[in-house]
Amino acid sequence: MEIPEEEFLAPGHRACAGCGATIGVRLALKMLGENTVAVSATGCLEVITTPYPETAWKIPWIHVAFENAAAVASGVERALKSQGKDDVNVVAFAGDGGTADIGLQALSGAMERGHNIIYICYDNEAYMNTGVQRSGATPYGASTTTSPYGKESFGEDKPKKNIPMIMAAHGVPYVATASISYPEDFMKKVKKAKETDGPAYIHLHQPCTTGWGYDPSKTIELGRLAVETGSWILYEIVDGEFKVTYRPMQRKPVNVYLESQKRFKHLADEEKERIQNYVDQICAELKI
Amino acid sequence: MTSIGATVKEPGSSKHYKTGSWRTFKPILDKDKCIDCENCILFCPEGCINKDYDIDYDYCKGCGICAEECPVKAIKMERE
């Protein structure tokens with residue numbers, strides 16, 4: 001696949017060393033190109049890319065509030081349409097908090113109305129910007145500052161909310177999951193989302209060095225382990241047709257993924273086994 | 001004048017802020033070993049490695065992803 005050279009996110013942004021979100025945004029913007037308007041929800045990405053009076057964005061970008069990235073993107077799309085500018089891509093970037101919790105109703109509304117927008121959720125599995133509080137997308141067993149492990153608790157006790165499937169239930173033409181560690185797979189999906197007439201949703205899994213507790217150099221390795229262990233599955237749903245886009249040659253035990261992160265270090269064998277069984281069950285259904 | 005919120009008129013103006021000073025370890029690429037796979041270019045969170053594989057040390061934060069993802073170990077991390 002030909003990967004465009006041009007960068008639309010400038011350096012000098014304030015992301016942590018080894019940030020996965022900026023990798024995801026860089027790759028997505030390469031595929032979307034210059035003729036794009038971006039919208040962000042409140043979150044890491046908004047804070048690190050726009051330390052006023054500076055911006056890292058080289059394309060028009062707008063932020064309004066935490067809960068309404070999808071509503072703002074809808075408005076931008078409709079305004080461009082009324083001006084006859086049908087060839088402009090409108091993309092919304094929101095974190096898992098801004099998607100699974102705070103922005104869910106705005107997102108659901110935008111999907112239902114059928115706006116021609118691309119919504120990319122960069123999922124680092126907690127509210128990283130404000131200090132690692134749990135979100136609806138935090139996986140079972142993870143320790144966060146609001147689901148800490150200790151005598152009373154083993155960490156997050158709820159399963160990860162399945163947002164891509166909730167989006168698929170809206171009957172939108174394109175839904176996909178992706179990982180920053182599989183850039184070609186992700187960029188192909190961004191291209192398809194761009195070419196889709198109507199709403200497209202991509203759920204991008206993205207390791208976070210600060211919140212997950214691992215060495216910054218391992219960001220890509222961690223994302224890969226999530227996929228290779230079956231903890232994160234790469235698929236797409238085109239007009240209701242479900243297809244797994246990447247199958248690991250041989251699935252690794254979930255333990256390898258869990259043990260390389262501080263947020264799972266406390267887990268007892270019993271809980272690890274429960275996670276493995278859960279992953280096995282899903283993978284069996286999908287023949288992974 | 002109507003206020004339309006906080007606007008920033010210069011695209012990519014964050015480039016005026018040099019993040020290279022955050023670094024403790026510096027990636028050094030041995031171009032003789034490089035096989036032109038583009039992994040380091042794609043995976044750099046700063047986007048500060050160009051197509052000729054020159055690393056822009058004004059912005060490199062020294063995360064080490066490039067060295068970790070290099071399939072031929074052509075990048076070494078050296079203490080500043």
Side-chain angles (χ1 to χ4, degrees), chain A residues 1-27 29-30 34 48-65 180-184 186-187 206-209 214-224, chain B residues 3-29 36-71 73 75-80:
Chain A
M1 187 173 75
E2 193 65 33
I3 297 165
E5 256 171 52
E6 202 168 346
E7 299 281 345
F8 296 98
L9 194 74
H13 59 69
R14 317 294 204 264
C16 306
C19 176
T22 51
I23 301 173
V25 171
R26 277 186 54 231
L27 299 178
L29 294 182
K30 272 175 185 289
E34 190 178 33
I48 61 184
T49 58
T50 55
Y52 191 76
E54 289 170 20
T55 178
W57 299 80
K58 294 185 183 177
I59 53 167
W61 175 88
I62 180 170
H63 163 254
V64 178
I180 57 161
S181 305
Y182 295 80
E184 286 213 14
F186 171 48
M187 289 162 94
Q206 168 253 299
C208 167
T209 164
Y214 63 83
D215 187 87
S217 65
K218 304 279 185 197
T219 297
I220 301 301
E221 176 65 19
L222 258 294
R224 201 177 289 130
Chain B
S3 169
I4 53 160
T7 51
V8 181
K9 289 179 181 155
E10 187 192 346
S13 56
S14 63
K15 67 174 187 291
H16 299 304
Y17 187 88
K18 308 272 169 81
T19 49
S21 61
W22 297 16
R23 196 171 57 234
T24 19
F25 289 90
K26 185 178 186 174
I28 311 284
L29 168 67
D36 196 13
C37 74
E38 296 192 356
N39 270 6
C40 57
I41 300 177
L42 279 181
F43 290 137
C44 176
E46 319 308 318
C48 69
I49 308 176
N50 70 13
K51 65 173 173 31
D52 299 321
Y53 296 91
D54 298 317
I55 301 166
D56 192 338
Y57 295 112
D58 278 352
Y59 302 105
C60 168
K61 293 169 186 163
C63 69
I65 290 178
C66 53
E68 186 73 23
E69 291 304 316
C70 180
K73 301 268 165 265
I75 303 175
K76 290 226 153 43
M77 298 301 290
E78 281 179 13
R79 206 178 173 93
E80 287 275 358

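None of the values given here were measured: they were computed from a predicted structure. So you know, we letter chains A, B, ... as the sequences are listed, proteins then strands, and number each from 1. Because only heavy atoms are used, hydrogens play no part in the values below, and waters and symmetry mates are left out as well, while side chains stay in.
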Engaged part of [X] at the chain B interface, taking heavy atoms whose separation is under 4.5 Å:
X         : answer
Ile62(A)  : neither
Ile220(A) : both
Arg14(A)  : both
Ser181(A) : backbone

**Item:** Positions in residues 52-59 of chain B that reach chain A, provided some heavy atom is under 4.5 Å away
**Value:**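 Those residues of residues 52-59 of chain B which have a heavy atom under 4.5 Å from chain A are Tyr59(B).
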
Of all the heavy-atom pairs spanning [X] and [Y], show the shortest one and how long it is.
X        : Y        : value
Pro11(A) : Ser14(B) : O-OG, 2.9 Å
Lys61(B) : Ala15(A) : NZ-O, 2.6 Å
Pro11(B) : Lys58(A) : CB-CA, 3.9 Å
Ser13(B) : Pro53(A) : OG-O, 4.0 Å
Arg26(A) : Leu42(B) : NH1-O, 3.1 Å
Cys63(B) : Ala17(A) : CB-C, 3.7 Å

**Request:** List for me each residue that meets salt bridge (charged side-chain N to carboxylate O under 4.0 Å, His left out) alongside Lys15(B), sequence neighbours excluded, and say none if there are none.
**Result:**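 Listed in chain order: Glu10(B).
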
**Asked** Among Ala10(A), Ser217(A), Pro216(A), which residue forms the greatest number of heavy-atom pairs with chain B at distances under 4.5 Å?
**Response**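 Sorted descending by pairs with chain B, the first entry is Ser217(A).
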
**Pick from Leu9(A), Val25(A), Thr55(A) with the largest number of heavy-atom pairs that fall under 4.5 Å of chain B** =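 Option with the top pair count is Thr55(A).
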
**Message:** To the closest 0.5 Å, what do you measure between CD (Glu5(A)) and CG (Asn50(B))?
**Reply:**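 One gets 8.5 Å once the value is rounded to the nearest 0.5 Å.
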
**Item:** Between OG1 on residue Thr209(A) and CD1 on residue Ile65(B), distance to nearest 0.5 Å
**Value:**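 One gets 8.5 Å once the value is rounded to the nearest 0.5 Å.
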
**Message:** So for Cys60(B), is it side chain, backbone, both, or neither that comes closer than 4.5 Å to the heavy atoms of chain A?
**Reply:**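 Contact with chain A involves no heavy atom of Cys60(B) at all.
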
**Asked** What do the steps show when you test Ile41(B) against Ile3(A) for side chain to side chain contact (heavy atoms under 4.5 Å, CB included), and what is the final call?
**Response** CA-CA 11 Å; Ile41(B) 300 177; Ile3(A) 297 165; over 6 Å; no

**Prompt:** Taking atom NZ of Lys9(B) as the centre, does the number of heavy atoms from other residues, nucleotides or ligands within less than 6.0 Å exceed 12?
**Reply:**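 Result for NZ/Lys9(B): open.
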
**Prompt:** Would you find a donor on one side and an acceptor on the other, under 3.5 Å apart, between the side chain of His16(B) and the backbone of Glu54(A)?
**Reply:**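 Not at all, since once roles are kept as given, no pair shorter than 3.5 Å links the two residues.
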
